[in-house]
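All remarks here apply to the structure that follows.
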Amino acid sequence: MTVLKTSLRNFLAHKGRMALSAIAVLLSVAFVCGTLVFTDTMNTTFDKLFQVTSSDVTVSAKGASDTGETTSDTGKPPVLPAAVVGKIERTPGVKSAEGTVFSTSVTVVDGDKEKLSPTSGAPTIVGNWNANDARTMKITTGAAPQGAGQIMVDADTAKKHHLKLGDDIGVITAVGTHHARVSGIATFTVTNPGAAIFYLDTKTAQQALVGTTGVFTNVNVTADQGVTDARLKRDVSAALGTGYKVQTAKEVADANQQDVKSFLDVMRYAMLGFAGIAFLVGIFLIINTFSMLVAQRTREIGLMRAIGSSRRQVNRSVLIEALLLGVVGSVLGVGAGVGIAVGLMKLMGQIGMHLSTDDLTVAWTTPVAGVVLGVVVTVLAAYLPARRAGKISPMAALRDAGAPADARAGVIRAVIGLVLTGAGAAGLAAAAASDHATTGSAWLGLGIVLTLIGFVVIGPLLASGVVRVLGAIVLRVFGPVGRMAERNALRNPRRTGATGAALMIGLALVACLSVVGSSMVASATDQLDKTVGADFIVQSDNGSVITPQAVDALKSTPGLERVTEYKILPVTMTTPDGKVSKNESLNAADPSYAEDLRTKTVQGDLADAYGADSMSVFAGFAKDHGIKLGSKVGVAFKDGRTAELTVRAITSDEVVVDKGAMYVSIATAKKYVPADKMPLDLLFFATAKEGQQDAAYKALKASLHDYPQYTVRDQTDYKQALKDQIGQLLNLIYGLLALAIIVAVLGVVNTLALSVVERTREIGLMRAIGLSRRQLRRMIRLESVVIALFGALLGLGLGMGWGATAQKLLALQGLKVLDIPWPTIITVFIASAFVGLFAALIPAFRAGRMNVLSAIATE
């Protein structure tokens, strides 16, 4: 009981200092709990949606995907004849059957040809208005579509794009463009996860999406009372025979949920990973806090030992303080986590994915996991300072506050740190020298972990040297105040090392990812410059195929020297070794593609692969199947005949564009695939006549003005799109890493605040002999700046080493250019100085307000 009272007294006596450490625990726990609540809520939302929208049994064509996505090679959904509906209706146990038709390979535009697709990545769906949809949507304005000239839109899309009754809508599909006017607006009665949904009447939907009437993509079947879904599926399957896909409501929901689950799992683990980084940074803050508190209470602990307290009691007292800190921070963190989850839901709503707080899901495991994790991490972080407190002898009460440094422990720590750093450097060297990405990745991971731990352990030794160098460059210009700031930072290298290490972790990851991202962009740009010979690339950003009407418009564009079509054909291959390779694909293109994409070959000439009954394979495939120039490969085209093609070229694996592609000419493909089964073009390459690039660029855009689903890019545009795509990903990661950096800044604040308290008497004496308040505050700010720059220097240096090693592995995939983004690195380093200034504001202000006489009298 005495130990508990002592712990409570000390905890409350230092509540201001404990608050900063508690914030670190709170933020880390909040991020973990917020992630779990947010992803659980999304799971609940989609579960409810799929359960409500699935009919008892769904019948679709055999080639349809489990989630109903449209096939990409034709741009049209797989269909079944309308006669199937009548056959199902006559099946025992069936209450009703309704045919539906829908497609996701669509682009919908308004009257100004602006796209109405979601920006969240959710699909755009066009289908017929049916009874199943009426279960989840209610017409709130206007009426359901009747006739070819009418279309209905969901309320969320209407609100986002300011659509109203009578507005013109264009539905662009592989069949062509269908125009209609808004006849009604329907509101979801369940949570809308962000999809944009448009409804036509049945006949119009069939014609616009498939190009013919009398077909459906699905049949929704409702069971009679007392008939189970499993029995209904069995009876319907028996009535229809083979050639159809029959699924129960649960099977459809599970298939949809599996797709969502994959996305949510990636999101969950990524966010938890960043929360773990924040926890790691928070550990340094907690260790620093308790180390300094123990050092400041050396005399107090010595007196406790002198009057009979045992080592165990002293140790337990510090651990109880840590336990209290962990409990308070974790409980508050759980509450903050729910708030973060709600904030994330609101943020998702801003980008189009609407999540209702009615579905907010807080599983009992979430607060338990948050509290346990926060408490365990806090207590473990406080263990070393607590153990050190237990070793304080009763004689320490007779000395000034502050335990003497353990020189032997410092030497051992330095040796361990050097060994770990050396082992990590060896791991990175092994990764850089590896010939296989899998092996190299394992070495890279080991090297990153060991060098990180090594730098943390060796931090005090590095602080002694690096701070002196930084002091000479940054602080000496400030005269005596700068020199005092340098000495303060060097006074306790262990503390400076731990504080800098917290900032080092976040900045190391920032630097590593910056190098990797910049190298990827530079490598891809270099590859484009070397390999792409065409001036323009035309494609859909969502992967949709190019319609024949757009192809005609493109080919008729003036100022073009050549236009190259490019298709993907699914095939099954029988190789010379007798193996059958299913789910392969051939890239079919015009012979001019050999000029548009100068792909490196290891054997043969790529132009020969576009001859009659010829093809190319990539080096890895050739090696695996014993293929050489002149080898014969059996190719069974989907929806076509089987051909025997001769290998005329073997392409290199060391490419970025079209890596792993196998080529054949469109003329050869047409010989074996019927015209009505031939896939549509996936993209086009175009080359302008000499000196007419600018005019051809404008002409192409004008030709495709009526086809806004396609984008025309020259090589500059393509490089910028690639840079933007990688930049968006990096910005997202930097945003998540900001949490770790915030915790690190709290660590600097905490260190300075406790350091000021520790030096109260010293500050009073300096003020007494003439140091002004302004000089005192400047001294503390400069100390903070040099600690922040120390952490930044270590982090950026370490991160660039990691990034350079990672680029060596990317080089195995063809990304061979190492690019150090010096503007980013320099900006981060300079920003670290401002972080130090910011962190010192409160400690410097408090130091400047100290009463001189009271400070001198402090023991």
Is the backbone N or O of Ile650 less than 3.5 Å from a side-chain atom of Ser616, with the two atoms forming a donor-acceptor pair by type? no
Side chains of Tyr593 and Asn587: donor-acceptor distance under 3.5 Å anywhere? no
Does Gln539 use its side chain to pair, donor to acceptor, with the backbone of Leu682 at less than 3.5 Å? no
With Val377 as partner, the option from Leu373, Leu380, Val375, Val379 fulfilling side-chain contact (heavy atoms from CB on, under 4.5 Å) is Leu373
Minimal heavy-atom distance between Ala501 and Val456, with the atoms involved, is CB-CG2, 4.3 Å
The reported gap from CG in Leu450 to CH2 in Trp443 (rounded to nearest 0.5 angstrom) is 9.5 Å
Test your reading of the model: is there a side-chain donor-acceptor pair from Asp526 to the backbone of Ala522, 3.5 Å cut-off? no
CG (Asp624) and CZ (Phe618) are apart, to the nearest 0.5 Å, by 7.5 Å
Count the heavy atoms of every other residue, nucleotide or ligand shown that sit under 6.0 Å from NZ of Lys659, and state whether that count exceeds 12. yes
Check against side chain to side chain contact (heavy atoms under 4.5 Å, CB included), Asp658 and Tyr566: CA-CA 12 Å; Asp658 264 8; Tyr566 185 95; 3.0 Å; yes
Mind listing the closest non-hydrogen atom pair of Thr378 and Ala322 along with its distance? CG2-O, 3.3 Å
Tell me whether Met520 at atom CE has more than 12 heavy atoms from other residues, nucleotides or ligands lying less than 6.0 Å away. no
Side-chain contact, heavy-atom cut-off 4.5 Å: Thr599 with Thr531? no
Should Tyr663 and Thr651 be marked as a side chain to side chain donor-acceptor pair (under 3.5 Å) after you check the CA-CA gap, both sets of side-chain angles, and the distance that decides it? CA-CA 10 Å; Tyr663 300 107; Thr651 58; over 6 Å; no
Taking atom OG of Ser519 and atom CG of Asp819, what is their separation to the nearest 0.5 Å? 5.5 Å
Main-chain N/O of Gly630 paired with Arg648 side-chain donor or acceptor, under 3.5 Å: no
Pairwise distance CZ(Phe790) to CG(Leu470) - rounded to 0.5 angstrom: 8.5 Å
Between Thr499 and Leu503, is the side chain to side chain contact (heavy atoms under 4.5 Å, CB included) condition met? List the steps. CA-CA 7 Å; Thr499 306; Leu503 193 59; over 6 Å; no
Quick one, Leu683 and Phe685 - any side-chain contact, counting heavy atoms below 4.5 Å? yes
Hey, does Asp596 have a side-chain heavy atom less than 4.5 Å from the side chain of Val532? no
Stepwise, does the side chain to side chain contact (heavy atoms under 4.5 Å, CB included) test hold for Leu730 with Ser514? CA-CA 8 Å; Leu730 289 178; Ser514 296; 5.6 Å; no
Looking at Thr35 and Thr39, what are the two nearest heavy atoms and their distance? O-OG1, 2.8 Å
Any donor-acceptor N/O pair, Gln715 side chain to Ala534 backbone, under 3.5 Å: yes
What heavy-atom pair brings Cys33 and Gly337 nearest, and what distance separates the two atoms? CB-CA, 4.2 Å
Under the salt bridge (Lys or Arg N to Asp or Glu O under 4.0 Å) test, which residues partner Asp653, sequence neighbours left out? none
Heavy atoms of other groups near Tyr734 OH, more than 12 under 6.0 Å: yes
Less than 4.5 Å apart, side chain to side chain, heavy atoms only: is that true for Asp717 and Gln720? no
Nearest 0.5 Å, what's the CD-OG1 distance between Glu584 and Thr574? 11.0 Å
Side chains of Val474 and Val786: closer than 4.5 Å at any heavy-atom pair? no
Candidate pair Lys719 and Asp529, rule salt bridge (charged side-chain N to carboxylate O under 4.0 Å, His left out), full reasoning: CA-CA 10 Å; Lys719 292 171 187 176; Asp529 289 336; 2.4 Å; yes
Quick one: closest heavy-atom pair of Phe829 and Leu796, and the distance? CB-CD1, 3.8 Å
Straight-line distance of Leu798 CG to Leu793 CG, nearest 0.5 Å: 11.0 Å
Side chains of Phe621 and Ser581, heavy atoms from C-beta outward: is any pair under 4.5 Å? yes
So, do Leu490 and Thr496 sit near enough that their side-chain heavy atoms are less than 4.5 Å apart? no
Do we see a donor-acceptor contact under 3.5 Å between the side chains of Trp802 and Thr451? yes
Determine whether a donor-acceptor pair (N or O, by modelled atom type, separation under 3.5 Å) exists between the side chain of Thr572 and the backbone of Lys582. no
Check: Met615 and Met573 side chains under 4.5 Å, non-hydrogen atoms: yes
Between the side chain of Arg468 and the main-chain N/O of Ser464, is any donor-acceptor distance below 3.5 Å? yes
Is Thr601 reaching over with its side chain to a backbone N or O of Asp605, donor-acceptor style, under 3.5 angstrom? no
Which heavy-atom pair separates Ala463 from Gly497 by the least distance, and what is that distance? CB-N, 4.3 Å
Strictly distance-based, threshold 3.5 Å: is any side-chain N or O of Ser631 a donor or acceptor partner for the main-chain N or O of Lys628? yes
Taking it one step at a time, do Val516 and Gln807 satisfy side chain to side chain contact (heavy atoms under 4.5 Å, CB included)? CA-CA 6 Å; Val516 170; Gln807 186 276 327; over 6 Å; no
